[in-house]
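What follows is a single structure, written as structure tokens, with notes after it.
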Amino acid sequence: MSVKVRFAPSPTGYLHIGSARTALFNWLYARHEGGKFYLRIEDTDRERSKDEFLQEILGSLKSLGLDWDGDLVFQSRRTDYYRKMADLLVQKDMAYGEGGALHFRSPKTGKIIVQDLLHGPIEFDLDQHLSLAEDLVIFKSDGSPTYNFAVVCDDADMGITHVIRGDDHISNTPKQLPLYEALGFQKPIFCHIPLILGEDRSRMSKRHGATAIREYVEAGYLPDALVNYLSLLGWSPGNNQEIISRQELIQKFELKRVLKTGAVFNKEKLEWLNGQYVRKLPIPELTDNLIPYLEKRRYKTEDRAWLERLVLLFQERIFTLNQFPDLAQFFFEENIEYNEEAHKEFAKDARLKNAFTRYAAMLESLPVFDAKTIEEKSRALMKDLEMSGKEFIHPCRVAVTGRAISPSFFETIALLGKEKATRRLRQAANSIK
RNA sequence: GGCCCCAUCGUCUAGUGGCCUAGGACGUCACCCUCUCACGGUGAAUACAGGGGUUCGACUCCCCUUGGGGCUACCA
């Protein structure tokens with residue numbers, strides 16, 4: 001029998017890191033096994049379910065590249081089916097109505113054993129577990145089914161073979177098991193995977209920082225890097241490999257290798273990993289990815305050849321895409337502001353006033369304006385001025401970029417262009433008293 | 001409180017009784033490369049929670065303690 005798994009978000013919020021990882025493990029398992037990955041929308045809470053949340057969840061899933069099979073299943077549209085199942089229970093006197101709600105006659109004594117793929121058998125003793133022995137509400141008084149009831153009905157009806165969900169659902173399972181029995185459904189294989197934790201080891205939530213997948217995508221984390229990182233939270237291929245392509249992930253993913261311990265989400269490592277992916281991207285593709293971030297700042301992007309050269313200059317300096325506009329700001333904006341600390345380097349140096357002036361004139365006279373030529377001529381000028389590389393380059397960098405940090409200086413001058421470079425040098429010269 | 005789950009460097013992890021004086025990665029620190037930053041390279045520091053067993057031999061198996069987490073809804 002082929003594998004069928006599902007991811008079942010409730011549209012009461014955005015898709016967060018934890019749910020995304022659950023979705024990913026389901027997806028990886030399905031793709032690895034050549035099975036099906038379904039999406040079921042658990043929108044039985046009419047108050048809190050919102051279409052905007054659904055759209056964001058679907059959007060996030062798509063942006064991660066987690067494609068699903070078949071149509072979406074909406075629990076809100078399946079009330080008739082749940083009703084039918086509930087009636088069945090009432091007929092068998094396994095459920096009864098009370099105050100407008102329907103209760104299931106939960107077993108009162110004995111043990112319920114959850115067979116879990118990762119944890120093995122987990123025993124629940126009803127004699128000790130007071131809340132488990134209470135009759136489970138299966139239909140609310142507003143006419144909608146409760147979570148535990150709908151889940152069982154749907155998983156059975158959809159032919160789900162493996163229920164892969166968060167550890168926080170372990171305690172729901174003994175409530176659901178008797179329902180399978182009562183309805184004569186075949187039980188799926190349960191696999192409870194560990195939660196993703198914040199720095200303080202409590203379940204990851206908003207107070208731990210950004211938790212929405214959308215926020216990471218918008219910040220310029222690459223989908224493949226995100227997927228790669230998430231896959232390493234609670235799972236590993238076992239050979240110390242950290243950078244794993246999507247195809248390899250599908251090939252190597254095994255449910256049995258999933259760990260039982262909660263994993264702390266570490267943004268630094270995600271950033272590093274994203275940097276690795278940025279570095280591997282072909283320049284044209286990286287450029288395409290970067291353009292939206294530039295457009296957001298209204299920076300000019302039409303000179304493709306120039307832009308690609310610029311991107312190449314920054315490829316090894318950015319970890320996330322949104323860092324690019326800030327780092328490359330002085331290439332796009334006409335006027336620069338001096339970084340205060342960096343400006344002190346030349347603010348009162350008369351020798352530099354002369355150096356800047358002569359440098360501007362020299363650059364202006366260059367017939368060819370490429371990095372190689374610029375470097376040759378610049379070094380000659382340094383010699384003439386009796387200045388060392390550092391003495392000359394550092395102040396010039398500040399004069400031309402406003403900052404103490406930039407990509408390779410001569411490349412920077414070349415890409416900045418003759419006009420911007422000379423104008424800024426003269427401006428700097430003039431600012432020196 | 002009750003029930004349940006979990007336990008290797010700060011973090012993610014390798015490890016399924018001897019290969020472990022515990023390996024990799026992020027981060028940290030030092031050095032190299034160097035026009036700054038970054039990349040890259042080299043190296044260092046840092047972990048089997050504690051106590052009992054089992055065994056010729058435990059990071060690996062069992063028990064207890066401790067610690068952390070989750071669940072305890074007519075939310076999902």
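Just so we're on the same page: letters track the sequence lines, and every chain starts at 1.
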Q) Side chain of A:Arg317, base of B:rC37: donor and acceptor closer than 3.5 Å? A) yes
Q: Between B:rU54 and B:rC62, how far apart are the P atoms? Round to whole Å, please.
A: 15 Å
Q | Base paired to B:rC61 (Watson-Crick or G-U; both N/O distances under 3.5 angstrom) | A | B:rG53
Q) What closest approach, in Å, do A:Ala101 and A:Val137 show between heavy atoms, and which atom pair accounts for it? A) CB-CG1, 4.3 Å
Q.
Are more than 12 heavy atoms, taken from residues, nucleotides or ligands other than A:Lys92, located less than 6.0 Å from that residue's NZ atom?
A. yes
Q: Quote, to the nearest angstrom, the P distance that separates B:rG23 from B:rC9.
A: 14 Å
Q: Classify the nucleic acid contact of A:Phe124 as base, sugar-phosphate or nothing, counting any heavy atom under 4.0 Å across all strands shown.
A: sugar-phosphate
Q: Give A:Thr261 one of three labels, base, sugar-phosphate or nothing, depending on what nucleic acid heavy atoms sit under 4.0 Å from its own.
A: sugar-phosphate
Q) Heavy-atom distance under 4.5 Å between the side chains of A:Leu416 and A:Arg424, does that happen here? A) yes
**Q.** Integer angstrom distance from the P of B:rA49 to that of B:rU11
**A.** 12 Å
Q. Given that A:Ser408 and A:Ala263 both sit by RNA chain B, which one's nearest nucleotide is further toward the 5' end?
A. A:Ala263
Q. For atom P, what is the distance between B:rU65 and B:rG1, given to the nearest Å?
A. 14 Å
Q) In whole angstrom, what separates A:Met204's CE from B:rC12's P? A) 13 Å
Q) Is any side-chain N or O of A:Gln128 closer than 4.0 Å to OP1 or OP2 of B:rG2? A) no
Q | Distance, P atom - from B:rU28 to B:rG10, rounded to whole angstrom | A | 16 Å
Q: Would you indicate whether the side-chain heavy atoms of A:Arg46 and A:Ser144 approach each other to under 4.5 Å?
A: yes
Q.
Can you measure A:Phe314 atom CZ to B:rU36 atom C1' for me and round it to whole angstrom units?
A. 12 Å
Q: Classify the nucleic acid contact of A:Glu123 as base, sugar-phosphate or nothing, counting any heavy atom under 4.0 Å across all strands shown.
A: sugar-phosphate
Q) Using 30° and 60° as the class limits, which term best fits the ring planes of A:His16 and A:Tyr14: parallel, tilted or perpendicular? A) perpendicular
Q. Can you find a heavy atom in the side chain of A:Met158 that is under 4.5 Å from one in the side chain of A:Val73?
A. yes
(Q) Suppose you measure atom P in B:rC61 against the same atom in B:rA7; what distance do you get, rounded to whole Å? (A) 9 Å
(Q) Measuring only the C1' atom in each nucleotide, how far is B:rU66 from B:rG52? A whole number of Å is fine. (A) 14 Å
Q.
Under 4.0 Å between a side-chain nitrogen and a carboxylate oxygen: does that hold for A:Asp155 and A:Arg165?
A. no
Q. Looking only at atom C1', what distance separates B:rC20 and B:rU8, rounded to whole Å?
A. 12 Å
Q: Please report, rounded to the nearest Å, how far the P atom of B:rC37 is from the CG atom of A:Leu313.
A: 16 Å
Q | For B:rU36, the Watson-Crick or wobble counterpart (both distances under 3.5 Å) | A | none
Q: Report the distance from atom CG of A:Leu232 to atom C1' of B:rA14, rounded to the nearest whole Å.
A: 12 Å
**Q.** Watson-Crick or G-U wobble partner of B:rA44, both distances under 3.5 Å
**A.** B:rU28
Q: Report yes if some heavy atom in the side chain of A:Trp235 is under 4.5 Å from a heavy atom in the side chain of A:Leu28; otherwise report no.
A: no
Q.
Parallel, tilted or perpendicular: which one describes the rings of A:Tyr359 and A:Phe392, with boundaries at 30° and 60°?
A. perpendicular
Q. Under 4.0 angstrom, heavy atoms only, what part of the nucleic acid is A:Gly262 near: base, sugar-phosphate, or nothing?
A. sugar-phosphate
Q: Have a look at A:Gly234 and say if it touches a base, only the backbone sugar-phosphate, or nothing, with a 4.0 Å heavy-atom cut-off.
A: sugar-phosphate
Q) Is the base of B:rC39 touched by the side chain of A:Arg279 through a donor-acceptor pair closer than 3.5 angstrom? A) no
Q: Summarise protein proximity over nucleotides 61-76 of chain B in one line of letters, 5' to 3': B for base, S for sugar-phosphate only, - for none, counting protein heavy atoms closer than 4.0 Å.
A: -------SSSSS-BBB
(Q) Need one value for A:Leu259: base, sugar-phosphate or nothing, where a base atom within 4.0 Å counts as base even if backbone is also close, heavy atoms only. (A) sugar-phosphate
Q | Pairing partner of B:rC19 (Watson-Crick or G-U wobble, both distances under 3.5 Å) | A | none
(Q) Rounded to whole Å, how long is the line connecting atom CG of A:Leu233 with atom C1' of B:rU11? (A) 10 Å
Q. More 5' along RNA chain B: A:Lys390 or A:Arg21, using each one's nearest nucleotide?
A. A:Arg21
Q) Is there a Watson-Crick or G-U wobble partner for B:rU66 with both distances under 3.5 Å, and which nucleotide is it? A) B:rA7
(Q) Would you call the rings of A:Phe314 and A:Phe324 parallel, tilted or perpendicular, taking 30° and 60° as the class edges? (A) perpendicular
**Q.** Contact pattern, 5' to 3', of nucleotides 23-32 of chain B - B, S or - by protein heavy atom under 4.0 Å
**A.** BBBS------
Q: Rounded off to whole Å, could you give me the CD1-to-P distance for the A:Ile113 and B:rC3 pair?
A: 17 Å
Q. So what does A:Arg257 touch, heavy atoms closer than 4.0 Å: a base, only the sugar-phosphate, or nothing?
A. sugar-phosphate
Q. Between atom NZ in A:Lys111 and atom C1' in B:rC4, what is the gap in whole Å?
A. 14 Å
Q. Could you state the CG-C1' distance from A:Asn274 to B:rA38, rounded to the nearest angstrom?
A. 15 Å
Q: For the pair A:Lys269 and A:Glu242, find out whether any cationic side-chain nitrogen is under 4.0 Å from an anionic carboxylate oxygen.
A: yes
Q: Would you indicate whether A:Glu52, at its atom CD, is surrounded by more than 12 heavy atoms from other residues, nucleotides or ligands within a distance under 6.0 Å?
A: yes
